[in-house]
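Here is the naming used below: chain letters follow the sequence lines, and residue numbers restart at 1 for every chain. Predicted model, so just to flag it, every value in this text is computed and none were measured.
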Amino acid sequence: MDIKVNVREAQGDIYVVELTGEIDVYTSPKVKDAITELIDQGHYNLVIDLEKVRYIDSTGLGVLIGGLKRVREHGGTVNLVCTNPQIKKIFDITGLVKIFGIFDDEDAAMKALV
Amino acid sequence: MDIKVNVREAQGDIYVVELTGEIDVYTSPKVKDAITELIDQGHYNLVIDLEKVRYIDSTGLGVLIGGLKRVREHGGTVNLVCTNPQIKKIFDITGLVKIFGIFDDEDAAMKALV
Amino acid sequence: MPEHGRGVVELRIPSKAEWVAVARLAIAAVANRLDFSIEEIEDVKLAVAEACTNCIQHATGGDQIEITCETEKSSLTVHVKDYGVGTQPEEIQSRRVSEPREGGLGVFLIRSLMDEVQYDVHPELGTNLVMRKKVSA
Amino acid sequence: MPEHGRGVVELRIPSKAEWVAVARLAIAAVANRLDFSIEEIEDVKLAVAEACTNCIQHATGGDQIEITCETEKSSLTVHVKDYGVGTQPEEIQSRRVSEPREGGLGVFLIRSLMDEVQYDVHPELGTNLVMRKKVSA
Ligand SMILES: Nc1ncnc2c1ncn2[C@@H]1O[C@H](COP(=O)(O)OP(=O)(O)O)[C@@H](O)[C@H]1O
Ligand SMILES: Nc1ncnc2c1ncn2[C@@H]1O[C@H](COP(=O)(O)OP(=O)(O)O)[C@@H](O)[C@H]1O
């Protein structure tokens with residue numbers, strides 16, 4: 001019932017944000033802070049890896065959408081890594097599948113950014 | 001929050017009862033039934049494998065103690081397989097470590113019976 | 001398990017973000033008593049968490065959230081009640097996402113994940129949400 | 001997590017075996033809000049479950065169990081209350097096991113796993129158990 005945020009630089013000024021745990025109204029501010037910091041530093045191409053996320057609620061989705069909106073203003077984008085069926089279902093029913101690129105692994109998410 | 005009971009015959013008329021799940025006031029009658037059935041059929045040397053048990057309470061301990069008492073009346077015994085530290089701790093603080101043979105794997109528990 | 005309990009479980013948590021996880025785990029344990037699939041249990045978990053999140057974020061002044069679960073053999077009904085100064089009934093609506101926006105997904109998710117959803121809004125007394133999920137199998 | 005909430009969480013379950021798992025998971029989620037180790041959380045879980053089990057097995061006529069958790073930064077206090085026709089105070093005792101016996105381990109475990117344990121027995125009104133666990137770290 002907690003979230004771990006791990007940020008690392010990949011090739012070509014892409015940053016990978018790897019999240020572990022549960023993203024809810026309590027933990028999402030921590031995710032938001034990490035994404036905001038990257039954007040403030042001028043990094044606009046992000047891969048957010050949700051493979052180790054067991055749960056996400058609407059505040060978590062809001063943080064992802066907020067990040068996407070900000071990087072888009074700078075010509076960047078956010079790709080997601082997610083294979084968990086329950087979480088993919090949430091992106092499906094909210095229509096967010098049409099807004100985010102969702103990939104099966106970090107490699108694919110990264111390649112789609114370059 | 002459920003228990004699965006798997007009974008199988010091993011060599012030398014030893015029976016192995018493999019439990020998976022949580023043993024509490026709700027699920028322990030199912031464990032008791034399985035053990036009682038074996039004893040009623042005349043099997044008095046049992047290995048009860050707790051490796052896949054994540055939780056046991058006093059009613060679960062009561063079932064194990066009850067089984068041990070009954071097989072002892074026929075010269076048999078019950079050996080346990082358990083390495084989970086939290087569960088071992090329960091056997092420790094209740095003093096049941098002195099009453100049960102507790103082993104790291106089924107092989108060891110079985111050898112000690114023969 | 002042969003017998004599935006009808007029963008009422010009540011939970012009361014402080015109306016603060018850090019306690020939503022308690023509601024989530026408790027409701028999952030309650031749902032687990034019924035014949036729900038894992039996916040259905042996750043649905044109920046998220047719907048109840050969204051409801052709690054809305055109490056925390058929108059019900060000004062309420063300091064407790066009351067969650068009442070009524071289980072029957074083939075359905076679970078959950079009441080989520082707050083005592084905050086609520087919203088106008090017309091505020092509560094769900095919408096599909098056509099362009100990225102940060103808010104407004106909670107009620108939409110609740111309506112999507114549960115079979116029946118009813119809001120009982122008393123702007124001065126708080127909001128009472130009743131939602132029901134049927135066992136599909 | 002930087003801030004640990006003081007707060008009160010209340011749970012009410014039917015006094016039936018199948019609901020103890022709900023209390024167990026809810027209390028684990030509450031304990032998880034404090035700085036308890038995994039082992040300490042397991043201790044609290046088992047102690048609360050044993051208390052509920054005793055309500056179910058010994059508190060004749062009570063149909064509900066009320067569990068109240070008070071969290072502070074460095075300790076968790078749990079009240080487990082039933083409304084059954086209870087026992088005589090002297091019945092509730094814990095003992096070490098010298099020979100195999102099926103019963104009588106519950107109260108012993110509660111006293112071993114928690115830091116403070118107090119029974120408040122009203123033979124006609126029900127039993128109120130208050131137990132407290134301190135965060136060791
Ligand atoms: N418990 C509640 N108390 C007061 N207002 C509520 C409550 N639940 C929902 N609402 C209202 O419904 C609106 C939609 O909620 P939701 O779909 O979760 O989106 P968001 O929370 O992002 O606004 C909220 O903005 C709020 O006005
Ligand atoms: N909530 C309760 N209501 C009535 N009696 C209780 C309660 N809790 C404990 N007791 C009494 O304490 C005794 C010891 O309980 P315990 O150590 O759990 O062993 P057991 O349940 O196997 O008897 C019980 O037999 C019962 O008489």
**OP:** Take atom CD of D/Glu124 as the centre, draw a 6.0 Å sphere, and report whether it contains more than 12 heavy atoms from other residues, nucleotides or ligands.
**Re:** no

Subject >> Contacting region of B/Leu64 [heavy-atom separation from chain D under 4.5 Å] >> reply: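 Contact with chain D involves no heavy atom of B/Leu64 at all.
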
**OP:** Please state whether the side chain, the backbone, both or neither of D/Ile38 comes within less than 4.5 Å of a heavy atom of chain B.
**Re:** neither

Original post:
Checking heavy atoms, do the side chain of D/Glu50, its backbone, both or neither come under 4.5 Å from chain B?
Top reply: side chain

Original post:
If you round to the nearest 0.5 Å, how far is OG of B/Ser58 from CD1 of D/Ile110?
Top reply: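 Here the interatomic distance stands at 8.0 Å.
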
Subject >> D/Leu25 side, atom CG; B/Glu22 side, atom CD - distance, nearest 0.5 Å >> reply: 7.0 Å

**OP:** Check the pair D/Thr53 / B/Thr59 against side-chain contact (heavy atoms from CB on, under 4.5 Å), numbers first and verdict last.
**Re:** CA-CA 9 Å; D/Thr53 298; B/Thr59 58; 3.8 Å; yes

Original post:
Between B/Asp57 and D/Leu109, is a side-chain contact (heavy atoms from CB on, under 4.5 Å) present by the stated rule, with each step listed?
Top reply: CA-CA 9 Å; B/Asp57 75 355; D/Leu109 280 170; over 6 Å; no

Original post:
Shortest non-hydrogen contact from D/Leu46 to B/Tyr55?
Top reply: CD1-OH, 3.4 Å

Original post:
Taking 4.0 angstrom as the limit, do D/Glu42 and B/Lys89 come out as a salt bridge?
Top reply: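 Salt bridge flag = no for B/Lys89 with D/Glu42.
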
Original post:
Among D/Leu113, D/Asp43, D/Val20, who wins on heavy-atom pairs under 4.5 Å with chain B?
Top reply: D/Asp43

**OP:** Apply side-chain contact (heavy atoms from CB on, under 4.5 Å) to the pair D/Glu18 and B/Val25, showing each step before the final yes or no.
**Re:** CA-CA 8 Å; D/Glu18 63 202 282; B/Val25 59; over 6 Å; no

Original post:
D/Ser112 pairs by side-chain contact (heavy atoms from CB on, under 4.5 Å) with which of B/Thr94, B/Asp92, B/Ile93?
Top reply: B/Ile93

